[in-house]
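Below: one structure, written as structure tokens.
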Amino acid sequence: MSSYPTSTISASLTPEYDALWHKLNPLQHEMIITGVGRRVYPLLEYQFSSMNPDKMYRASVHFEYVDDKKLRFCKGKYVELVSQEKKEAPRKVQHKSGAKLGSKWMASPVNFEDVRITNEKTREEEDTSNVHLHAQHRYLPVLTITEEAGLSYEIRLPHTVFITATFYHIDEVRKIKTDSNEYAKSNRGDRRRPRAVEFSATSPPTKKSIKEAPVQREAVPEASVPFIRNSFPNSPSIDPAILSTLTFPSAGLFTQTQSSATIPAVQGVSLADPLNAFSAIPWLMNNPFLLAAMGLQFPIIPFPYLPSTPDSPLTPTSSISPDSEPTQRVDSVKAAVINKVNNEEVDA
């Protein structure tokens, strides 16, 4: 340890950090500064001595220029240039403990771990612990101890000079700081708290992602699944004997079934034009039995056919009307269905 007292009050760095400052000093010690602010490392941690135990003291720290040179790293070494930066009065950062008795100050080490150095001047207005420094300059930390009566004592330690930089140029300086600083990025993995394998009943539940804890869906038996009926109304029930006598022609299909006395042959019907909705209406009108099976009750009236070609004349397509009779033989069952449909239309 070493000290540079200017009065009866003296101060020195604690052994741990004093050794680091001495080790970095001959290597052109670089100190990283950032826009958001960065803590000074090695830490400025002092031990006070020769204080009056019954007097009140305050402690502060600031950084002063060592010279009027600007340093530029070129070809593996720093080259000195004339500094053109505007020099301002150094900003003093008071210790967070405020005023204390000399006996309290000397009882334990005093550190300034809350001090942050930045290269943005506006940061000083946001936080009193931020200190603006110019990059590529030499600085020396200065400790100031003020008595209650107003006397001040400044303490400078020559081996604490450093060069401000935005990143490390000297690998040996970077390695020493990385290996010794527990808050360095390369050492953060060792300080992470290991996850507990087992959790007690009192421990709070932890959040898990969907990939880590997929939802287990239980198989539901088919018997327990309720059956939901169709919302469409049910068609009226028709006697199977009547359905066997009805013709259900398919649009555009000319299939022929076996002819018998009870099952007539399927009649061929022209294909409905999908682009003309009116062409499907005559097809439905010519099959009143199919309409009855579907539960529909439309009045059977002649409807003109809209031809696909503009030159063809309009011809009625309905072959069934109230004044005409079917040309083919209708048995008693089919005649009963026709009369029932016609009576319902008249009533309507």
Side-chain angles (χ1 to χ4, degrees), residues 1-25 29 31 33 37-69 83 85-134 137-164:
M1 296 183 296
S2 62
S3 62
Y4 190 78
T6 58
S7 65
T8 56
I9 298 178
S10 62
S12 60
L13 293 171
T14 55
E16 176 185 358
Y17 295 109
D18 187 73
L20 287 174
W21 283 99
H22 275 287
K23 189 175 183 179
L24 293 168
N25 183 51
H29 183 188
M31 188 74 67
I33 59 175
R38 190 180 180 99
R39 189 178 68 162
V40 176
Y41 187 84
L43 192 63
L44 294 174
E45 187 176 72
Y46 298 94
Q47 288 180 337
F48 295 166
S49 59
S50 304
M51 283 184 172
N52 189 337
D54 300 328
K55 280 188 176 183
M56 300 292 292
Y57 296 91
R58 293 179 181 271
S60 65
V61 69
H62 69 274
F63 303 91
E64 66 180 13
Y65 291 96
V66 175
D67 49 38
D68 195 21
K69 302 295 182 181
S83 177
E85 305 292 348
K86 181 180 178 180
K87 306 299 187 297
E88 299 178 354
R91 183 181 190 180
K92 293 185 177 182
V93 179
Q94 299 291 331
H95 194 270
K96 57 185 176 181
S97 298
K100 293 196 307 182
L101 291 173
S103 58
K104 298 292 185 181
W105 287 112
M106 295 184 294
S108 60
V110 180
N111 63 65
F112 289 86
E113 61 182 359
D114 57 332
V115 176
R116 299 291 188 273
I117 54 177
T118 175
N119 56 2
E120 292 186 8
K121 183 64 177 178
T122 56
R123 288 290 179 177
E124 291 185 344
E125 302 175 359
E126 300 176 0
D127 192 346
T128 57
S129 62
N130 290 334
V131 180
H132 172 247
L133 301 179
H134 292 291
H137 285 73
R138 290 191 183 96
Y139 286 93
L140 175 67
V142 180
L143 174 66
T144 303
I145 301 175
T146 305
E147 289 183 0
E148 186 178 16
L151 298 178
S152 298
Y153 306 90
E154 292 185 348
I155 300 175
R156 294 171 175 84
L157 303 178
H159 63 283
T160 57
V161 174
F162 59 84
I163 301 172
T164 54

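This is a predicted model, so every value here is computed, not measured.
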Inspect the surroundings of NZ in K100 and state if more than 12 heavy atoms from other residues, nucleotides or ligands are less than 6.0 Å away. yes
Given side chain to side chain donor-acceptor pair (under 3.5 Å), test T8 with S50 step by step and report yes or no. CA-CA 6 Å; T8 56; S50 304; over 6 Å; no
Considering all heavy atoms, the nearest N25-P158 contact: OD1-O, 4.4 Å
Is there a side-chain contact between Y46 and L157, using heavy atoms and a 4.5 Å cut-off? yes
Kindly indicate, with the supporting measurements, whether the criterion side-chain contact (heavy atoms from CB on, under 4.5 Å) is fulfilled by V131 and V93. CA-CA 8 Å; V131 180; V93 179; 3.4 Å; yes
Could you report the tightest heavy-atom contact between Q94 and A59, atom names first, then the distance? OE1-O, 3.5 Å
Side chain proximity check, V40 to V61, heavy atoms < 4.5 angstrom: no
Least distance between heavy atoms, P42 atom then Y17 atom: CB-CD2, 4.1 Å
Counting C-beta onward and ignoring hydrogens, is there a side-chain heavy-atom pair between E154 and L143 closer than 4.5 Å? no
side-chain contact (heavy atoms from CB on, under 4.5 Å) between N52 and Y57, intermediate numbers included: CA-CA 9 Å; N52 189 337; Y57 296 91; 3.4 Å; yes
Heavy-atom closest pair, residues S10 and I155: C-CD1, 3.9 Å
Got H159 and D18 here, is their nearest side-chain heavy-atom distance under 4.5 Å? yes
Not counting sequence neighbours, list each pair that qualifies as a salt bridge (charged side-chain N to carboxylate O under 4.0 Å, His left out) and has a residue in residues 51-67. K55-E147, E64-R156, D67-R138
If only atom types and distance count, is the side chain of E124 paired as donor or acceptor with the main-chain N or O of H132 below 3.5 Å? yes
Within this structure, what is the CD1-CZ distance for the pair I33 and R123, rounded to the nearest 0.5 Å? 13.0 Å
pair T160-L140: side-chain heavy atoms closer than 4.5 Å: yes
Classify the ring geometry of Y65 against H137: parallel below 30°, tilted from 30° to 60°, perpendicular beyond 60°. perpendicular
Looking at every non-hydrogen atom in both residues, tell me the closest pair between L101 and P53 and how far apart they are. CB-O, 3.7 Å
Quick check against the 3.5 Å criterion: does K87 have a side-chain atom that pairs as donor or acceptor with the backbone of E85? yes
Relative to the ring of W21, is the ring of F162 parallel (under 30°), tilted (30 to 60°) or perpendicular (over 60°)? tilted
Under a 3.5 Å distance rule, please check whether H95 uses its side chain to pair with a backbone N or O of N111 as donor and acceptor. yes
Measuring only between side-chain heavy atoms, which start at C-beta, is F63 closer than 4.5 Å to T164? no
Checking R38 side chain against M31 main chain: does a donor-acceptor pair fall under 3.5 Å? no
Indicate yes or no: at least one non-hydrogen side-chain atom of V142 is less than 4.5 angstrom from one of K92. no
Any side-chain heavy atom of Y41 sitting closer than 4.5 Å to one from L24? no
How long is the span from the CE atom in M56 to the CH2 atom in W105, to the nearest 0.5 Å? 9.0 Å
Using only atom types and a distance under 3.5 Å, with no angle test, would you say the side chain of S129 pairs donor to acceptor with the backbone of R116? no
